[in-house]
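Heavy-atom basis, side chains included; hydrogens, waters and symmetry copies ignored. In the text below, chain A, chain B and the rest are named by the order of the sequence lines, each starting its count at 1. This is a predicted model, so every value here is computed, not measured.
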Amino acid sequence: MSEELSGNEYRQQRIENMNKLEEAGFPAFGKAFERTDRLDKLHADFEVDRVVKACGRIVAIRKMGKMAFAHISDGSFKFQVMVKKDLIGDDNFAAFKLLDLGDFIGVEGEMFMTRTEEETLRVSSWALLSKSLLPLPEKFHGLTDKETRYRQRSLDLISNPEVMEVFKQRTQVMKEIRNFLDGRGYFEVETPMLHQIAGGAAAKPFMAHYNALNTDVFMRIAPELYLKRLIVGGMDRVYEMNRNFRNEGLDRTHNPEFTALEIYEAYGDMRSMQELIQSMFTHLAETIFGKIEFEWMGNTINLTAPWREVPYQDLIREHLGADWFEKSLDEAKAKAEELEVHVEEGMDFKQVTHEIYDKTIEGTLIQPTFITRLPAELVPLANACADDPELVDVFELIIGGKEIAPAYSELNNPIEQRKRFEEQAAGDGSKIDEEFLEALEYGMPPTGGMGIGIDRLIMLLTGSDAIRDVILFPQLKPRG
RNA sequence: GGUCCGGUAGCUCAGUCGGUAGAGCAUUUGACUUUUAAUCAAAGGGUCCUGGGUUCGAGCCCCAGCCGGAUCACCA
């Protein structure tokens with residue numbers, strides 16, 4: 001890298017400029033600067049003749065014979081400054097003309113309005129705060145190459161203000177989620193990222209080695225089992241919003257590390273979660289974005305509550321015919337073939353049905369929809385519906401044709417839980433989380449639980465089509 | 001993993017039939033005291049993703065690979 005850089009003509013020129021500036025009494029690095037305020041605040045409090053100190057990165061500069069204009073930006077706002085030779089003197093003006101795009105400067109001066117009615121700072125003195133040695137992307141088209149944008153997010157943030165805006169909104173949303181949940185008496189906790197057993201979901205984990213104990217550990221795939229142990233312990237409303245790690249594919253809606261919000265509420269069930277998520281999403285939409293309709297992946301999504309709720313089997317009948325569940329396995333397979341849905345040899349009727357749902361129905365549910373009363377086989381960790389042991393008391397929230405959040409009336413029967421773990425572990429006892437099961441045996445109250453993919457929620461709210469646009473440093477292949 | 005598209009100057013892109021590598025911005029030099037994609041004049045700047053092959057000659061055609069994007073499949 002260093003050889004590559006040293007051969008760069010632009011860098012050489014900037015180093016020469018830096019040396020000239022240092023000779024002129026403008027050291028290139030290492031000085032702090034006390035500003036009156038951030039640029040957005042100076043703009044908000046604009047007042048002609050007010051004397052202020054401001055600083056930022058030069059993002060545009062127009063040098064003329066005896067004066068110069070520049071725009072500086074500090075991430076909050078872009079403000080114009082004007083330098084005149086007769087105001088700051090020949091030497092200071094000559095030095096100013098050695099500045100390059102990307103340099104950080106601090107200026108002092110009075111505010112005024114130009115002929116073209118732009119708020120501007122008339123500079124009486126200036127200081128170099130930090131030299132930029134590499135050229136920034138072009139000012140007009142900016143940086144559009146996706147690979148460079150993801151690999152060099154610094155440059156992306158500098159040249160694409162809308163990217164900065166998305167990440168500011170991301171942080172606002174996460175703060176407001178905490179605010180909302182705290183206000184309802186939920187307690188935020190942090191549970192381990194390093195797990196002895198990767199439980200709480202069915203996904204491939206990342207592995208690491210812990211030297212001191214000479215044992216392998218897993219990066220967590222979900223915090224679920226620890227959060228339930230806290231419910232057992234008497235924390236009756238808990239949530240955790242943090243990273244999960246899954247050792248799987250990488251695409252437009254998947255990053256190997258992603259942010260999940262998991263919420264558990266003792267004495268509640270899937271109904272309390274349903275109320276919670278509707279209130280939370282509409283609250284976020286209104287307080288942060290001031291709207292209830294969002295454009296996402298080519299659809300207009302209206303978050304106005306209450307959202308549609310439909311039992312899984314009704315939804316199937318709606319799409320596949322009222323007599324669907326009277327059909328034979330062969331008839332179901334024939335229908336799958338007709339719909340170009342691939343089914344495996346050994347699949348039973350429920351699996352074929354779900355395959356058809358997955359491929360042809362889920363994607364059509366654009367407006368927020370709760371799918372309830374799923375077949376028990378599909379959801380191993382939930383309580384059965386009171387009126388039908390074949391179905392479980394859960395919902396899947398679908399928005400824009402994508403799964404956004406599942407919620408369960410959590411299974412709290414330790415004997416049943418052990419049975420399901422044993423089936424899942426298929427004879428490998430080391431995969432069973434005995435500490436969790438023991439906790440359950442002391443008794444877990446009836447509990448509602450929910451998981452929300454925060455990155456996908458941010459995608460929806462900011463109109464982003466790719467998860468990489470809402471994660472600052474997404475995973476990419478190493479540069480060959 | 002399959003298919004399709006892309007990778008050319010710091011950035012954004014063009015490149016005809018296979019025949020000396022192009023533009024705008026940026027950079028350098030000069031002019032310029034209200035500009036704002038400043039303007040005007042001139043100049044410099046290239047591992048055409050990498051490696052092979054075909055050819056008198058390859059940015060362009062062929063083969064293999066790397067990276068990215070889209071899409072499908074797989075996986076939850």
Side-chain angles (χ1 to χ4, degrees), chain A residues 3-5 7-17 58-72 78-88 93 97-102 112-123 132-152 155-156 158-160 198 200-205 221-222 244 246-254 256 258 260 297 340-342 344 354-355 358-359 362-363 378-381 396 402-403 406 424 451 453 465-466 468-469 474-480:
Chain A
E3 273 183 31
E4 208 173 289
L5 286 178
N8 185 315
E9 169 204 4
Y10 292 89
R11 187 166 179 271
Q12 288 304 329
Q13 280 159 355
R14 281 165 179 251
I15 286 176
E16 279 168 34
N17 287 342
I58 298 175
V59 293
I61 190 163
R62 295 172 291 281
K63 302 168 186 172
M64 284 171 279
K66 291 172 182 147
M67 67 183 303
F69 290 89
H71 276 101
I72 60 174
K78 204 168 76 174
F79 206 90
Q80 180 167 261
V81 302
M82 180 187 75
V83 177
K84 293 173 88 168
K85 192 174 184 175
D86 58 7
L87 280 180
I88 62 167
F93 185 74
K97 289 185 88 169
L98 290 169
L99 290 171
D100 290 304
L101 275 176
F112 77 106
M113 198 69 89
T114 62
R115 267 181 214 161
T116 48
E117 304 245 312
E118 177 164 353
E119 295 170 3
T120 302
L121 198 65
R122 187 187 293 114
V123 172
S132 164
L133 296 184
L134 290 173
L136 294 173
E138 191 230 354
K139 62 189 169 189
F140 188 54
H141 298 91
L143 183 67
T144 63
D145 180 72
K146 286 199 175 182
E147 185 172 356
T148 312
R149 287 187 41 221
Y150 296 143
R151 286 189 196 279
Q152 303 193 54
L155 288 181
D156 190 24
I158 291 168
S159 57
N160 296 317
K204 296 190 194 90
I221 55 175
N244 289 343
R246 296 188 179 175
N247 204 342
E248 283 165 7
L250 190 59
D251 63 27
R252 206 157 51 122
T253 54
H254 294 84
F258 62 98
M297 300 212 179
E340 294 179 352
V341 172
H342 176 73
E344 299 288 340
H354 193 66
E355 197 60 26
D358 226 29
K359 295 290 183 292
E362 186 177 283
L378 298 175
V379 188
L381 299 183
E396 290 274 356
K402 307 227 174 306
E403 283 178 39
Q424 213 178 352
D465 288 353
R468 286 177 169 176
D469 292 327
Q475 193 64 226
L476 297 169
K477 278 197 192 184
R479 208 67 172 108

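- In this structure the side chain of Thr253(A) reaches within 4.5 angstrom of the side chain of Lys402(A), judged on heavy atoms.
- Within 4.0 Å (heavy atoms only), Lys78(A) reaches no atom of the nucleic acid at all.
- Across all strands, Arg151(A) comes closer than 4.0 Å only to sugar-phosphate atoms, never to a base (heavy-atom distances).
- In this structure, Arg252(A) reaches the sugar-phosphate backbone alone: every heavy-atom distance under 4.0 Å involves primed, P, OP1 or OP2 atoms, never a base.
- Nucleotides U16(B) and C56(B) have their P atoms positioned 23 Å apart, rounded to a whole Å.
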What does the list of N/O pairs under 3.5 Å between the protein and nucleotides 29-31 of chain B look like, with a distance for each?
none

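- Residue Glu117(A) contributes atom CD, which lies 17 Å from atom P of U34(B) at whole-angstrom precision.
- Heavy atoms of Phe93(A) sit nowhere under 4.0 angstrom from any nucleic acid atom.
- Applying the Watson-Crick and G-U wobble criteria (two distances, each under 3.5 Å), U33(B) pairs with nothing in any strand.
- Contact annotation: the side chain of Asn247(A) never approaches that of Pro256(A) to less than 4.5 Å [non-hydrogen atoms, C-beta and beyond].
- Under the rule for a side-chain contact (heavy atoms from CB on, under 4.5 Å), the partners of Leu476(A) that lie at least two apart in sequence or sit in another chain are Tyr150(A), Arg151(A), Arg468(A).
- Look at the C1' atom in both G57(B) and G18(B): the space between them is 8 Å, to the nearest Å.
- Shown here are the side-chain contact (heavy atoms from CB on, under 4.5 Å) partners of Thr148(A), two or more places apart in sequence or in another chain: Leu143(A), Asp145(A), Gln152(A).
- With sequence neighbours excluded, the residues satisfying side chain to side chain donor-acceptor pair (under 3.5 Å) with His254(A) are Asp251(A), Arg456(A).
- Pair assignment for U47(B) gives none, since no Watson-Crick or G-U wobble pairing has each distance under 3.5 Å.
- A gap of 15 Å separates the C1' atoms of A9(B) and C49(B), to the nearest Å.
- His354(A) and Glu362(A) share no donor-acceptor pair across their side chains, judged by distance under 3.5 Å alone.
- The phosphate of C67(B) (OP1 or OP2) has a side-chain N or O of Lys477(A) nearer than 4.0 angstrom.
- When heavy atoms are screened at a 4.0 angstrom cut-off, Asn244(A) is found touching no nucleic acid atom at all.
- Of the C1' atoms belonging to U8(B) and C67(B), the separation is 16 Å, rounded to the nearest Å.
- Taking Glu355(A) as the reference, Lys359(A) meet the salt bridge (charged side-chain N to carboxylate O under 4.0 Å, His left out) condition, with sequence neighbours excluded.
- Phosphate contact (OP1/OP2 of U27(B), side-chain N/O of Asn17(A), threshold under 4.0 Å): absent.
- If you take CZ on Phe93(A) and CE on Met67(A), they are separated by 8.0 Å, rounding to the nearest 0.5 Å.
- Using a 4.0 Å heavy-atom cutoff across all strands shown, Lys402(A) reaches no nucleic acid atom at all.
- U50(B) and C13(B): their C1' atoms are spaced 23 Å apart (whole Å).
- Between C4(B) and U12(B), the two P atoms lie 26 Å apart (nearest whole Å).
- Comparing Ala466(A) and Glu355(A) by the nucleotide of RNA chain B whose heavy atom lies nearest to each, the residue mapping closer to the 5' end is Ala466(A).
- Between the CG atom of Asp465(A) and the P atom of U71(B) there is a distance of 9 Å, given to the nearest Å.
- If you check every strand for non-hydrogen atoms under 4.0 Å, Glu403(A) touches a base.
- Atom P of nucleotide A41(B) and atom CE of Met64(A) are separated by 18 Å, given to the nearest angstrom.
- In this entry the distance linking CD of Gln13(A) with C1' of A43(B) reads 12 Å, nearest Å.
- Put simply, the side chain of Thr114(A) and the base of U35(B) share a donor and an acceptor less than 3.5 Å apart.
- When the side chain to side chain donor-acceptor pair (under 3.5 Å) test is applied to Asp100(A), the partners found at least two apart in sequence or on another chain are Asn17(A), Lys131(A).
- Per the geometry, CZ belonging to Phe69(A) stands 12 Å off P belonging to U33(B), to the nearest Å.
- Regarding Leu87(A), its CG atom lies at a distance of 13 Å from the C1' atom of U34(B), rounded to whole Å.
- Leu101(A) places none of its side-chain heavy atoms less than 4.5 Å from the side chain of Pro135(A).
- When the C1' atom of A26(B) is taken as reference, atom CG of Leu134(A) falls 14 Å away, rounded to whole Å.
- Arg149(A) meets the side chain to side chain donor-acceptor pair (under 3.5 Å) test with Asp156(A); sequence neighbours excluded.
- Counting heavy atoms from C-beta on, the side chains of Leu250(A) and Gln475(A) come closer than 4.5 Å.
- One can find a donor-acceptor pair under 3.5 Å joining the base of U35(B) and the side-chain atoms of Gln80(A).
- Between His342(A) atom NE2 and C74(B) atom P there is a gap of 7 Å when expressed in whole angstrom units.
- Atom name P, nucleotides C66(B) and A23(B): the rounded distance is 35 Å, in whole Å.
- In this structure, C56(B) forms a base pair with G19(B), meeting either the Watson-Crick or the G-U wobble geometry with both donor-acceptor distances under 3.5 Å.
- Atom C1' of A14(B) sits at a distance of 12 Å from the matching atom of G59(B), rounded to the whole Å.
- Here G68(B) is the nucleotide among U35(B), G68(B), U33(B) with the atom lying nearest to any side-chain atom of Leu476(A).
- Every residue meeting the side-chain contact (heavy atoms from CB on, under 4.5 Å) condition with Glu119(A), not counting sequence neighbours, appears here in chain and number order: His43(A), Phe46(A), Phe79(A), Met113(A).
- With a cut-off of 3.5 Å on both Watson-Crick or G-U wobble distances, the partner of G6(B) is given as C67(B).
- Judged by distance alone, with hydrogens and angles left aside, Arg115(A) brings no side-chain donor or acceptor close enough to the base of U34(B) to form a pair under 3.5 Å.
- Using a 4.0 Å heavy-atom distance criterion, Ala203(A) is classed as a sugar-phosphate-only contact.
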Protein and nucleotides 4-12 of chain B: nitrogen or oxygen contacts under 3.5 angstrom:
| unit_1 | atom_1 | unit_2 | atom_2 | d |
| --- | --- | --- | --- | --- |
| G10(B) | N7 | Tyr10(A) | OH | 2.6 |
| C11(B) | O2' | Glu138(A) | N | 3.4 |
| C11(B) | O2' | Gly142(A) | O | 2.8 |
| U12(B) | OP1 | Thr144(A) | N | 3.2 |
| U12(B) | OP1 | Asp145(A) | N | 3.0 |
| U12(B) | O3' | Thr144(A) | OG1 | 3.3 |

